[in-house]
Amino acid sequence: MQPLLNIAVRAARSAGEVIVRSLNRVESLTITAKGRNDFVTEVDQAAEAEIIGQIRRHYPQHAFLAEESGASGDSDTVWIIDPLDGTTNYLHGFPVFAVSIACQVKGRLEHAVIYDPMRGEIFSASRGSGAHLDNRRIRVSKMRGVEGALISTGFPYRENVRYLDPYLAMLRAVSAKAAGVRRPGSAALDLAYVAAGRVDGFWEIGLSPWDTAAGTLIIQEAGGMIGTLTGGEYQQGGHIIAGNPKVYAALVELLGPHVPAELRTP
Ligand code: IPD
Ligand code: CA
Ligand code: CA
């Protein structure tokens, strides 16, 4: 395993320990929603500090783009980190959440890990070396289109609720053809599952770079595709379609007519 990936995996496992250790406490908290949110924010921050601390110990000059602490450092090598993806699930004890860490060098994703601490699963990739689930090589599914496929998605919320109508039109189009549509609640795991062939495709409006950076490389190394809602080149963050190449193309076609003008990319 590449040294940088090895560090990322170790950091992800340590963050996972912080997260799981605190899960029992979050489940027994009976305080107000705000209090629970503050507590979870503490868990996010502690997990992120664990990851950044470990990486810094080995690579003090590297830069970071992390959800809780933002951008820091100035280097060609940038670590893009979501310490806890699926916070709402976590807050409710719904056991679907993950740690997502990507390493980008000169603007190109080179290493990635997504860790599911509840199942102990490590999804990882280094550019040119394929994608792995633990030590096993993974590939995207062989599904030939949306018909009969299992597709995951994220519902728009907060400021993206303004896209609910076009989103529902997209959901209707996909539901009419797919075998099933899922909203698991962790975009990072959704992408990992595309890479592992557990779902055939995925789409969501309004993601951030830390949600998608690791998943992007893992999907590409698993033979899959990831792009904008209109099939353009994906820049980290924003609106996204992913899938095996056939399902990706089918989703671009199926969703296209419902994508609002401001979400279209060249
Ligand atoms: C969220 C999850 C969720 C997605 C949201 C993300 P967070 O990340 O990935 O599945 O629908 O858009 O913000 O806030 O739990 O790290
Ligand atoms: Ca996230
Ligand atoms: Ca998060």
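Bear in mind that the values here come from a model prediction, so they are computed numbers and not experimental data. Read the numbers this way: they start at 1 and go in the same order the structure lists the ligands and their atoms.
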Is there an N/O/S atom in L84 at a distance below 3.0 Å from the Ca ion (ligand 3)?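 Yes, L84 qualifies, because one of its backbone or side-chain N, O or S atoms lies under 3.0 Å.
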Closest protein heavy atom (residue, atom, distance) for [atom]:
atom: atom 12 (O) of ligand 1; result: E204 OE2, 3.0 Å
atom: atom 13 (O) of ligand 1; result: Y157 OH, 3.1 Å
atom: atom 14 (O) of ligand 1; result: E67 OE2, 4.1 Å
atom: atom 2 (C) of ligand 1; result: D85 OD1, 3.5 Å

Mark the output for N160 as yes if a heavy-atom distance to ligand 1 is under 4.0 Å, and as no if none is.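 Contact check N160 vs ligand 1: negative.
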Below a 4.0 angstrom heavy-atom separation, can you tell me which part of [X], side chain or backbone, both or neither, approaches ligand 1?
X: L207; answer: side chain
X: R183; answer: side chain
X: L84; answer: backbone

For the Ca ion (ligand 2), give me the closest N/O/S atom belonging to D82, just the atom name.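 Restricting D82 to its N, O and S atoms, the minimum distance to the Ca ion (ligand 2) goes to OD2.
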Go through the steps to decide whether Y193 and I114 satisfy the test side-chain contact (heavy atoms from CB on, under 4.5 Å), and finish with yes or no. CA-CA 10 Å; Y193 281 19; I114 295 171; over 6 Å; no
Any side-chain heavy-atom pair of I52 and P83 under 4.5 Å: no
Does the side chain of Y59 reach to within under 4.5 Å of the side chain of I7, using non-hydrogen atoms? yes
Taking [X] for its side chain and [Y] for its backbone only, find out whether a donor-acceptor pair lies under 3.5 Å.
X: D85; Y: A98; result: no
X: T212; Y: Q236; result: no
X: N89; Y: P184; result: yes

Closest N/O/S atom of E67 to the Ca ion (ligand 3), by atom name? OE1
For [X], look at atom [atom1] and say whether over 12 heavy atoms of other residues, nucleotides or ligands are found less than 6.0 Å away.
X: E233; atom1: CD; answer: no
X: R144; atom1: CZ; answer: no
X: N135; atom1: CG; answer: no

Quick check: G86 and ligand 1, any N/O pair under 3.5 Å apart? yes
For A187, is at least one N or O under 3.5 Å away from an N or O on ligand 1? yes
For [X], atoms of ligand 1 separated by under 4.0 Å from a heavy atom:
X: D82; value: 16 (O)
X: G185; value: 2 (C), 3 (C), 10 (O)
X: S186; value: 9 (O), 10 (O)

Any carboxylate oxygen within less than 4.0 angstrom of a Lys/Arg side-chain nitrogen, looking at R21 and E50?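 Salt bridge flag = no for E50 with R21.
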Apex the Ca ion (ligand 2) - arms OD1 from D85 and OD1 from D211 - angle rounded to 10°: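 About 100°, to the nearest ten degrees.
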Would you call the rings of W203 and Y167 parallel, tilted or perpendicular if under 30° counts as parallel and over 60° as perpendicular?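 Aromatic pair W203/Y167 classed parallel.
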